[in-house]
Amino acid sequence: MSQYMRKLLVKPTEPLVHTHVLVWEAPPSQSSPNEDWAPTDAGLKSRPSAADPLVFLVEKVAGRANPFAMGVTVGRVETNDIIVDDGSVSRFHAWLQYDARQKQWWLCDAESKNGTFLGAQQLKPNQKVPLNAGDRVKFGDASMVFLSPEGLVKAIQERGSASNR
């Protein structure tokens, strides 16, 4: 999230992102602010820390060998659009899809081993459910929040206010 905080400080009038995001926060008990996770080949951290959650853009990634064109895939391996580096996440765990006619995001479990949750509700395999900004989602043990572009800005501003106290 720190990269988006810097961008907001440097260019406050420019939009941070153009699409919804998933923000993966590390549970406080499993992470300390001093943790130094190994970066991925792309130079990005592969896991969140308590001090710096990871932000995933919810969009198809160009050039990925991903045969699933219907939506944005979530899983543990590199062919997914959103790669979640956690052993509880299946190789292809779930997918998100935007219906432009209904202006609605949908979440669907892809027969994952450890389940996909929307709030406290575990999705049945291949069950599509509506996904709204602010919803909490869990892929296996990886807990995230689904935010609109405006929601991301608000979350960053709140995080900045809390750190200045």
Side-chain angles (χ1 to χ4, degrees), residues 1-2 4-5 16-33 35 37 44-61 66 68-163 165:
M1 185 178 276
S2 59
Y4 292 103
M5 285 178 155
L16 280 182
V17 295
H18 60 278
T19 186
H20 282 70
V21 297
L22 284 168
V23 178
W24 182 16
E25 297 177 301
S29 63
Q30 295 178 0
S31 177
S32 73
E35 285 180 338
W37 291 99
L44 303 171
K45 290 185 322 177
S46 59
R47 296 184 56 82
S49 68
D52 194 16
L54 289 182
V55 178
F56 299 107
L57 297 177
V58 180
E59 64 184 5
K60 293 300 286 177
V61 176
N66 182 331
F68 193 79
M70 290 174 31
V72 178
T73 61
V74 178
R76 196 178 68 240
V77 298
E78 294 126 18
T79 55
N80 288 289
D81 300 303
I82 297 174
I83 303 166
V84 182
D85 183 17
D86 188 278
S88 69
V89 175
S90 296
R91 290 179 295 155
F92 171 39
H93 196 97
W95 51 271
L96 296 95
Q97 183 177 29
Y98 185 69
D99 183 330
R101 253 184 322 121
Q102 295 180 10
K103 296 185 178 175
Q104 176 67 58
W105 278 98
W106 295 87
L107 172 66
C108 186
D109 179 77
E111 300 179 14
S112 65
K113 180 179 179 186
N114 294 313
T116 301
F117 296 80
L118 179 57
Q121 172 196 358
Q122 182 172 2
L123 278 60
K124 294 179 179 139
N126 300 308
Q127 175 189 11
K128 264 174 76 170
V129 296
L131 184 61
N132 299 299
D135 282 348
R136 291 237 164 237
V137 179
K138 244 175 84 173
F139 305 104
D141 294 331
S143 183
M144 304 185 190
V145 64
F146 181 71
L147 296 175
S148 66
E150 301 79 19
L152 176 62
V153 170
K154 184 177 176 185
I156 289 170
Q157 290 169 337
E158 288 171 356
R159 194 172 189 84
S161 299
S163 66
R165 291 182 193 153

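All values reported here derive from a predicted model rather than from experimental measurement.
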Give every donor-acceptor pair under 3.5 Å between a side-chain atom in residues 128-137 and any protein atom, sequence neighbours left out.
residue : atom : partner : partner atom : Å
K128    : NZ   : Q97     : OE1          : 3.3
N132    : OD1  : Q104    : NE2          : 3.4
D135    : OD2  : N132    : N            : 2.8

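- For R159 against P53, the heavy-atom pair with the smallest separation is NH2-CD, 3.3 Å.
- Considering L22, V55, V23 as possible partners of L147, the one that fulfils the side-chain contact (heavy atoms from CB on, under 4.5 Å) test is V23.
- Within a 6.0 Å sphere centred on NZ of K154, heavy atoms belonging to other residues, nucleotides or ligands number 12 at most.
- Considering all non-hydrogen atoms of both residues, R76 and I83 come closest at O-CG2, 3.6 Å.
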Residues 106-117, side-chain donor-acceptor partners within the protein, below 3.5 Å, at least two apart:
residue : atom : partner : partner atom : Å
D109    : OD1  : S112    : OG           : 2.5
D109    : OD1  : T116    : N            : 3.4
D109    : OD1  : T116    : OG1          : 2.6
D109    : OD2  : E111    : N            : 3.0
D109    : OD2  : S112    : N            : 3.2
E111    : OE2  : N126    : ND2          : 2.8
S112    : OG   : H93     : NE2          : 3.3
S112    : OG   : G115    : N            : 3.1
N114    : ND2  : S88     : O            : 2.9
T116    : OG1  : H93     : NE2          : 3.3

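- Scanning for ring pair (Phe, Tyr, Trp, His ring centres under 6.0 Å) contacts around Y98 gives W105, with sequence neighbours left out.
- If you take CZ on F68 and CG on D81, they are separated by 10.0 Å, rounding to the nearest 0.5 Å.
- Side chains of H20 and L96 form no contact here, defined as non-hydrogen atoms less than 4.5 Å apart.
- Side-chain atoms of K138 do not come within 3.5 Å of backbone N or O of G119 as any donor-acceptor pair.
- Between N80 and R91, the shortest heavy-atom contact is ND2-O, 2.7 Å.
- Salt bridge status for D85 with R47: absent, with no side-chain N to carboxylate O gap under 4.0 Å.
- The shortest heavy-atom contact between L118 and L123 is N-CD1, 3.7 Å.
- F146 is listed as a side-chain neighbour of V58, based on a closest heavy-atom distance under 4.5 Å.
- Looking only at distances, no side-chain donor or acceptor of T73 sits under 3.5 Å from a matching main-chain atom of W95.
- Between D86 and W24, the closest side-chain pair of non-hydrogen atoms falls below 4.5 Å.
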